[in-house]
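Structure first, then comments.
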Protein chains: 2
Amino acid sequence: MLVKDKRSNCPVSCALDIWGDKWSLLIVRDLMLFDKKTYGDFLKSTERIATNILASRLQSLEEHGIITKREHPESKAKVLYMITQKGIELLPMVIETMLWADKYYPASDEIKGILIEIARNKEAFIESKYRELQRTALT
Amino acid sequence: MLVKDKRSNCPVSCALDIWGDKWSLLIVRDLMLFDKKTYGDFLKSTERIATNILASRLQSLEEHGIITKREHPESKAKVLYMITQKGIELLPMVIETMLWADKYYPASDEIKGILIEIARNKEAFIESKYRELQRTALT
DNA sequence: ACTTTTACTTGCATATTGCAAGCAAATTTA
DNA sequence: TAAATTTGCTTGCAATATGCAAGTAAAAGT
């Protein structure tokens, strides 16, 4: 899973070098939309990521500056994973992905709520979520 | 590369089941932005996809309704690959991906031109490209 | 007819994924 | 305070996917 060097200078290619796999964006999604913060949180997601894959993806995302690790305020046994500014900026791309897939594949009820909000006013949703993520990222 | 069934009903997960790999979106990019249409065109892209991987991705994209094959008007030896409506609708997501990556990784000159256009008026660019793709998809 | 182009397929070595089990430090429970 | 549990991983190994090189058949060009 190590990308030695970029395949090209195309931004699409550069982006895929970082998150072009089946799992990385699910971790980003969990951080951005489902308030998940720990290793155990990510493991519990419905897609059932394998523990070794999760560890490797977390490391890769950290190396690429999308997430950072912090001390968990409640326990030294836990690790707090946080999304970075660079990661927060993936929000518009994630939203467009959700809107695309929603058109062709039935979403779960949990997500339908979010999609309704987005449908109501996409820009406002992004703006509000963006600020919310930045706020929690600073504390 | 066969996704037997969806991992979950999350739209992000569904989308990744289809194009969550290092290559599929590069083919979509080539079709949408670089006017590539044939097997040979895709092989020539700077990222240098292996020929067997290209064949498997084209098949997968076709199975998922993102692209279709047509007779090439100039030659029976060639195959014309076309993007479908479902594929065209990936445009906003691809654009957001480009904008994200452009912020952190230097783009090639060929792409800088497109990015400048997008920066000038994103909505207008998407709208115009969207219609252009629909037009060529109909002929 | 012969060569080249085109769109693939095949074989095989290497890399990645996924499953299950293991493990040490921290925390909770008895 | 000793034992059990939680937490965040690592390890081993089988299955799958990737990447490279070579091959192939139909069509096109010379």
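Within every chain, numbering begins at 1; the chains are lettered A, B, ... in the order of the sequence lines, protein sequences first and strands thereafter.
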What is the separation between atom [atom1] on [X] and atom [atom2] on [N], rounded to the nearest whole Å?
X: B:Asp21; N: D:dT16; atom1: CG; atom2: C1'; answer: 14 Å
X: B:Ile53; N: C:dA13; atom1: CD1; atom2: P; answer: 17 Å
X: B:Lys22; N: D:dA17; atom1: NZ; atom2: C1'; answer: 13 Å
X: B:Ile49; N: C:dA7; atom1: CD1; atom2: P; answer: 14 Å
X: B:Asp17; N: D:dA17; atom1: CG; atom2: P; answer: 13 Å
X: B:Leu54; N: D:dT18; atom1: CG; atom2: C1'; answer: 14 Å
X: B:Lys36; N: C:dA7; atom1: NZ; atom2: P; answer: 13 Å

Could you list the residues that satisfy side chain to side chain contact (heavy atoms under 4.5 Å, CB included) with B:Arg48, not counting sequence neighbours?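 Scan of B:Arg48 (side chain to side chain contact (heavy atoms under 4.5 Å, CB included), adjacent residues dropped) gives none.
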Please enumerate all residues that pass side chain to side chain contact (heavy atoms under 4.5 Å, CB included) together with B:Glu110, with sequence neighbours excluded.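 Applying side chain to side chain contact (heavy atoms under 4.5 Å, CB included) to B:Glu110 gives B:Phe34, B:Ser108.
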So, does B:Trp23 get its side chain near the phosphate of D:dA17, meaning an N or O under 4.0 Å from OP1 or OP2?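 Checking B:Trp23 against D:dA17: no side-chain N or O falls below 4.0 Å of OP1 or OP2.
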Please check the phosphate of D:dT18 (OP1 and OP2 only) for any side-chain N or O of B:Arg57 closer than 4.0 Å.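 Yes, within the criterion.
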Selected nucleotide, minimal atom distance to B:Lys76 side chain, candidates D:dA28, D:dG19, C:dT27: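 The answer is D:dA28, which lies nearest to the side chain.
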Donor-acceptor pairs are to be reported for all side-chain atoms of residues 88-99 of chain B against protein atoms at under 3.5 Å, with residues two or more places apart or in another chain.
{"unit_1": "B:Glu89", "atom_1": "OE1", "unit_2": "A:Tyr104", "atom_2": "OH", "d": "2.4"}
{"unit_1": "B:Glu89", "atom_1": "OE2", "unit_2": "A:Lys103", "atom_2": "NZ", "d": "3.2"}
{"unit_1": "B:Glu89", "atom_1": "OE2", "unit_2": "A:Tyr104", "atom_2": "OH", "d": "3.4"}
{"unit_1": "B:Glu89", "atom_1": "OE2", "unit_2": "B:Gln85", "atom_2": "NE2", "d": "2.7"}
{"unit_1": "B:Glu96", "atom_1": "OE2", "unit_2": "B:Lys122", "atom_2": "NZ", "d": "2.6"}
{"unit_1": "B:Thr97", "atom_1": "OG1", "unit_2": "B:Met93", "atom_2": "O", "d": "2.9"}

Residues that [X] engages under salt bridge (Lys or Arg N to Asp or Glu O under 4.0 Å), provided they are two or more places apart:
X: A:Lys44; answer: A:Asp41
X: B:Lys86; answer: none
X: A:Glu132; answer: A:Lys129
X: A:Lys76; answer: none

Walk me through whether B:Lys36 and B:Ser45 qualify under side-chain hydrogen bond (donor to acceptor under 3.5 Å, both in side chains). CA-CA 9 Å; B:Lys36 303 201 174 191; B:Ser45 288; 3.0 Å; yes
When you measure from the centre of the six-membered ring of B:Tyr39, is the NZ or CZ of B:Lys78 under 6.0 Å away and within 45° of the axis?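 So B:Lys78 doesn't make the cation-pi contact.
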Kindly give the atom pairs (protein nitrogen or oxygen, nucleotide nitrogen or oxygen) under 3.5 Å for nucleotides 28-30 of chain C.
none

At under 4.0 Å between heavy atoms, how does the protein contact nucleotides 5-15 of chain D? Give one character per nucleotide, 5' to 3', with B, S or -. --SSBBBB---
